[in-house]
Amino acid sequence: QVQLVESGGGLVQAEASLRLSCAASGRTFSTYDMGWFRQAPGKDREFVAAITSSGGNTYYADSVRGRFTISRDNAKNTVYLQMNSLKPEDTAIYYCAAGSIGVRPKNYDVWGQGTQVTVSS
């Protein structure tokens, strides 16, 4: 089973960009579909983006499509989330997860600890 560690969060102004990284340990990373979720205070965890194990297919929430890009480098055991044109409503803790492709948290078996993204107006 992999272990996941996110990085790259921070405090930025609206319209700025950030790139989140999620580094996985273990030799089975390339067999997992990967997802990014986020959770704002007082709200449920919500789907952001997902990518299949080979990287051949990607999926996005409507709220981020066109602004965020998910990618992965299986040689580096890392999945990325490039976030452009950030909005204050993107403020949340961002989690990466490993499992089977889907938009529901229960599709994913392994979760990172999360990284805070705060977007000021």
**Message:** Could you work out, with side-chain contact (heavy atoms from CB on, under 4.5 Å) as the rule, every residue matching Ser85, not counting sequence neighbours?
**Reply:** Glu15, Arg67

**Partner set under side chain to side chain donor-acceptor pair (under 3.5 Å) for Asn57, not counting sequence neighbours** = none

**Request:** To the nearest 0.5 angstrom, please state how far the CD atom of Gln13 sits from the OG atom of Ser121.
**Result:** 9.0 Å

**Asked** Taking only residues two or more places apart in sequence, or in another chain, which ones meet Ala49 in a side-chain contact (heavy atoms from CB on, under 4.5 Å)?
**Response** Tyr60, Ile70, Leu81

**Asked** Can you list the other members of the hydrophobic cluster that holds Tyr59, where links are side-chain heavy atoms under 4.5 angstrom apart?
**Response** Phe37, Phe47, Ile93, Tyr95, Ile101, Val103, Tyr108, Trp111

**Message:** Strictly by disulfide bond (SG atoms under 2.5 Å apart), give each pair with a member in residues 54-84 just once, sequence neighbours left out.
**Reply:** none

**Message:** According to side-chain contact (heavy atoms from CB on, under 4.5 Å), who are the partners of Thr118, at least two apart in sequence or on a separate chain?
**Reply:** Leu11, Thr91, Gln116

**Message:** Applying salt bridge (Lys or Arg N to Asp or Glu O under 4.0 Å), can you list everything that pairs with Arg65, at least two apart in sequence or on another chain?
**Reply:** Asp62

**Asked** For Gln39, what residues pass the side chain to side chain donor-acceptor pair (under 3.5 Å) criterion, not counting sequence neighbours?
**Response** Arg45

**Message:** Going by side-chain contact (heavy atoms from CB on, under 4.5 Å), name the residues that satisfy it together with Thr115, two or more places apart in sequence or in a different chain.
**Reply:** Glu6, Leu20, Tyr94

**Fill in**
The complete set of disulfide bond (SG atoms under 2.5 Å apart) pairs with one or both residues in residues 49-79, sequence neighbours excluded, reads none

**Fill in**
Applying salt bridge (Lys or Arg N to Asp or Glu O under 4.0 Å) to Arg38 and not counting sequence neighbours gives Glu46, Asp90

**disulfide bond (SG atoms under 2.5 Å apart) contacts in which one or both residues fall within residues 14-105, not counting sequence neighbours** = Cys22-Cys96

**Request:** Check the side chains of Thr52 and Asp33 for a donor-acceptor pair under 3.5 angstrom, ignoring hydrogens and angles.
**Result:** no

